[in-house]
Structure formats: structure tokens, C-alpha cells
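In what follows, a structure is listed as C-alpha cells, so that the remarks can point back to it.
No experiment lies behind these values; they were computed from the predicted model shown.
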Amino acid sequence: MASLLFRTSRRFVSCLSLHRKYLNLFSSLESPISYTRASSVSNLRCYRSDFVFESSIRDFRFGLIHGFSTSSDVKESSKSDESPYGSVKNDGKSEAKAEMSWISLYLPKKFQPYAHLARLDKPIGTWLLAWPCMWSITLAAPPGQLPDFKMLTLFGCGALLLRGAGCTINDLLDRDIDTKVERTKLRPVASGQLTQPQGISFLGLQLFLGLGILLQLNNYSRILGASSLLLVFSYPLMKRFTYWPQAYLGLTFNWGALLGWAAIRGTLDPAIVLPLYFSGVFWTLVYDTIYAHQDKGDDLKVGVKSTALRFGDSTKEWITMFGIANIGCLALSGYNADIGWPFYALLAAASGQLAWQIFTVDLSSRADCNRKFISNKWYGALVFSGILLGRLSS
């Protein structure tokens with residue numbers, strides 16, 4: 001028993017000594033130069049072998065740490081700013097890096113290009129399209145009652161499909177531009193992952209599913225909803241002809257303010273829905289002008305136009321006016337709908353959020369413009385909450 005303990009303790013001490021030897025070697029290794037000061041060839045060879053061993057360990061350790069650290073950095077650096085129709089705009093340094101999202105992780109490979117084409121991993125565009133619909137449906141509810149949840153669900157699904165269809169149309173029409181710009185050359189159509197016929201077929205599927213939702217509405221709403229397709233198909237072309245594509249996007253993206261009311265009431269009340277509709281148009285001019293400042297250099301490069309280029313250094317003055325018009329139109333719509341006081345309290349909170357965006361945005365910073373742009377989902381939520389509580393209290 002004693003001899004067993006003796007052998008065990010001797011092995012333990014040997015291990016500690018070996019560990020201490022390499023620990024001292026690692027800590028004393030500051031540069032290869034220190035090992036060239038050996039006084040003999042044999043010592044030099046010994047030091048060189050130790051240096052190679054330690055360098056291998058160090059390189060392995062560095063590579064392991066670097067791999068873990070840059071895996072998140074690549075994901076962060078490749079996060080793309082996106083417009084409501086899903087334009088991808090990076091910081092110019094990581095555009096060629098593919099972003100890892102739930103699409104890449106969970107969908108089969110053959111479906112991934114279609115999901116990216118519809119921007120399913122970038123929900124902000126869907127939120128911006130859905131909120132005006134939710135505002136209108138809730139405002140159309142009878143006083144003191146909750147909105148129609150079936151309609152809210154239908155319009156939510158419709159926003160997802162229509163936004164995806166808009167992205168598909170955008171990529172099909174802009175494929176000649178996308179291939180020339182670093183930030184967009186990896187899009188499914190531009191990069192060749194999907195052919196043009198495949199993109200058109202996918203667009204047909206999206207519109208067919210959208211038609212299934214539209215057919216569940218009343219006849220008035222069906223006609224009104226179908227008429228929005230003219231705006232959806234023509235919007236991607238506007239940046240080629242006018243410095244006001246953001247205004248045209250506002251007309252397109254806020255059509256749900258008209259359609260939601262019609263789906264509930266079967267007709268339109270211009271005194272309520274027109275101010276609501278134009279409030280959304282002015283809101284779009286605010287958030288999409290901020291967004292467009294991320295891409296001024298690329299827009300000039302490919303020869304497309306935007307309100308960011310039109311307004312230039314006067315952007316904040318312009319979007320301040322649009323913000324005031326947005327709040328004024330919302331207040332007028334609520335007043336004409338005889339909505340309760342909670343609406344005005346939350347509208348004041350939404351005004352604060354919009355003012356924060358306008359006055360604090362750094363228009364020279366792509367990252368900050370993107371943060372302010374994405375924050376508009378909370379602005380839409382504040383307005384929706386105000387309409388909901390105001391309707392329940394009216």
C-alpha cells in the first residue's frame with residue numbers, strides 16, 4: 001500500500017513538474033529573437049524545437065479563439081439594412097459575406113433562395129405594411145368593442161405575402177442594377193441562385209395565396225385591394241424617374257388604411273380614412289428618407305434617385321414637416337371617428353418617439369439610420385395601442 005502511494009505521488013509530482021516546465025516556456029516566450037541568443041548549436045536547436053512547439057500551440061489557441069470571436073462578428077457585420085421592400089445595404093466592408101439566419105439554419109437548401117427573395121428573415125417591412133391595416137381595422141370597430149381578430153389575422157398574413165411579392169418584383173426589375181453593386185450582387189436573382197422564370201413562378205405563387213386572402217373580404221374590398229397591385233408593380237421603377245420614390249412608396253405601403261376600413265364597413269368614410277391614409281404616407285416619407293441616407297453613395301453610383309439625395313443637408317427640416325403632418329392627420333382622423341381620450345395620450349407618446357428619431361438620427365451613420373428606421377415598428381405599435389384604447393373607451 002505504501003509503495004503504491006509512493007508511485008502515485010511521484011507520478012503526480014512529475015506531471016506538475018512537466019506542466020510547470022511548459023508553463024514557464026509559454027510565459028517566457030516573448031519573441032523568436034530571444035531564442036536566437038543561444039550559446040551553442042545544440043541549445044539553439046533545442047530552443048527552436050520548443051519555439052515551434054509553442055508556436056503551434058499558440059497558433060491553435062489563437063485560431064480557436066479567433067474562430068469563436070469572429071463567428072459573431074461576421075454575423076454582426078453582415079447584418080443588412082433593409083427598406084420596406086427589402087433592399088440590402090451593408091457598410092461596404094462585409095457585403096460579400098453571406099448572413100447566417102434562421103433560413104440558412106433550418107430550411108432545406110432548395111427553399112432558401114425563395115425565402116431570401118421574400119425577405120422572410122427581415123420582418124420590419126412586414127410590420128410597416130401591416131400597421132396601417134391594423135390602425136384602420138381597429139378604428140372601424142364599433143365603439144366600446146375590440147377589433148375583428150379574424151380580420152387582423154387575415155391582414156397580417158396578407159401583409160407578409162404582399163411585402164414578399166413586392167421584394168420579388170423589386171429583384172426581378174432591378175436585376176441589371178443589382179449585379180453592378182457590391183451590396184446587392186448576392187441577391188437570389190442577381191447572383192443566379194434563381195433564374196428569372198423561377199422568380200416569376202414564385203411571384204405567381206405569392207399572388208395566388210394573396211388572392212385567397214382577398215376573396216375572403218367583401219366585394220368592395222376585393223376591388224379596392226386588387227387596384228393596389230398597380231402601385232405594387234410600378235413602385236420599383238419610380239427611383240429611375242423621380243427623386244420622390246419614397247412618396248410613391250407611401251401611397252403603396254399605406255393602402256391598407258383604406259382597405260382595412262372597407263373590409264369592416266363595406267365602404268369608405270373619407271373624413272376618417274383619407275386623413276388616416278395620408279398620415280401613413282407622411283410617416284413613410286419620414287422613415288424611408290432616413291433609410292435612404294444609408295445608401296446615398298450607391299444611389300449615385302448606379303444613377304437612381306431618392307428623397308435623401310433631393311433633400312441633402314435640409315433633410316431634417318423636411319422630415320420634421322412630414323412628421324408634424326403625420327401627427328396632425330392622425331389626430332384629425334381620430335377626432336372625426338369620435339375616438340376616446342387614450343388615443344390622444346398615446347399619440348403624444350408616439351409623437352415623442354418620432355421626434356426622437358428625427359432629432360437624434362445621425363444621417364452620416366448607416367448604422368444609426370438603420371436603428372432609427374427599424375424603431376418605427378414601435379411607433380406603429382404606439383399608434384395602434386392608442387386607437388385600440390381610444391375605441392374601447394369611446
Side-chain angles (χ1 to χ4, degrees), residues 84 126-148 151-152 154-156 158-159 162-163 217-218 220-221 223-225 227-228 231-232 246-288 319 321-351 353-354 376-394:
T126 302
W127 280 116
L128 296 175
L129 184 59
W131 280 129
C133 305
M134 307 306 176
W135 298 349
S136 184
I137 292 171
T138 307
L139 198 60
Q145 295 186 25
L146 290 169
D148 189 323
M151 284 298 173
L152 291 176
L154 285 175
F155 274 76
L162 188 61
R163 187 268 182 139
L217 308 181
N218 56 55
Y220 189 92
S221 300
I223 297 172
L224 189 63
S227 63
S228 69
L231 294 170
V232 173
Q246 280 70 29
Y248 202 84
L249 177 67
L251 296 173
T252 305
F253 247 56
N254 294 280
W255 199 258
L258 306 176
L259 190 58
W261 182 279
I264 301 298
R265 300 290 183 95
T267 186
L268 293 177
D269 186 340
I272 297 174
V273 297
L274 288 182
L276 185 67
Y277 177 59
F278 285 109
S279 73
V281 174
F282 289 124
W283 178 40
T284 303
L285 278 164
V286 173
Y287 67 65
D288 208 51
I319 60 177
M321 290 189 295
F322 295 144
I324 293 171
N326 162 251
I327 298 300
C329 287
L330 280 172
L332 178 60
S333 179
Y335 177 80
N336 290 339
D338 196 24
I339 202 168
W341 67 267
F343 167 72
Y344 301 100
L346 282 161
L347 184 60
S351 303
Q353 202 277 344
L354 199 62
N376 280 279
K377 63 185 176 183
W378 302 116
Y379 174 83
L382 285 170
V383 175
F384 173 76
S385 300
I387 295 175
L388 176 62
L389 296 177
R391 182 50 77 202
L392 290 174
S393 65
S394 61

Test item: [X] and [Y] side chains (from C-beta on) under 4.5 Å apart, heavy atoms:
X: L217; Y: M151; result: yes
X: L346; Y: F384; result: no
X: T284; Y: Q246; result: no
X: F253; Y: Y287; result: yes
X: L162; Y: L129; result: yes
X: F343; Y: S394; result: no
X: L347; Y: I387; result: no
X: K377; Y: L128; result: no

Problem - side chain to side chain donor-acceptor pair (under 3.5 Å) partners of residues 326-336, not counting sequence neighbours, each pair once - result: N326-Y379

For the atom pair [atom1] ([X]) and [atom2] ([Y]), what is the distance rounded to the nearest 0.5 Å?
X: L354; Y: N376; atom1: CG; atom2: CG; result: 7.0 Å
X: L392; Y: Q145; atom1: CG; atom2: CD; result: 9.5 Å
X: R391; Y: T138; atom1: CZ; atom2: OG1; result: 9.5 Å
X: F278; Y: L330; atom1: CZ; atom2: CG; result: 13.5 Å
X: I137; Y: F155; atom1: CD1; atom2: CZ; result: 4.5 Å

Distance-only, no hydrogens or angles: does the [X] side chain make a donor-acceptor pair with backbone N or O of [Y] under 3.5 Å?
X: S136; Y: C133; answer: no
X: S228; Y: L224; answer: no
X: W135; Y: G380; answer: yes

Enumerate donor-acceptor pairs with a distance under 3.5 Å from any side-chain N or O in residues 263-276 to protein atoms, sequence neighbours excluded.
{"from": "R265", "atom 1": "NE", "to": "A140", "atom 2": "O", "distance (Å)": "2.9"}
{"from": "R265", "atom 1": "NH2", "to": "A140", "atom 2": "O", "distance (Å)": "3.1"}
{"from": "D269", "atom 1": "OD1", "to": "A271", "atom 2": "N", "distance (Å)": "3.3"}

Closest non-hydrogen atom pair between [X] and [Y], with its separation:
X: V281; Y: A247; result: CG1-O, 4.3 Å
X: G225; Y: L259; result: N-CD1, 3.7 Å
X: F322; Y: L285; result: CD1-CB, 3.7 Å
X: S393; Y: G390; result: OG-O, 3.1 Å

Exercise for the section: Assign the ring pair W131 / W127 to parallel, tilted or perpendicular, where the plane angle (0 to 90°) is split at 30° and 60°. Expected result: parallel

Practice task
Would you please say whether a donor-acceptor pair under 3.5 Å links the side chains of N254 and W283?
Solution key: no

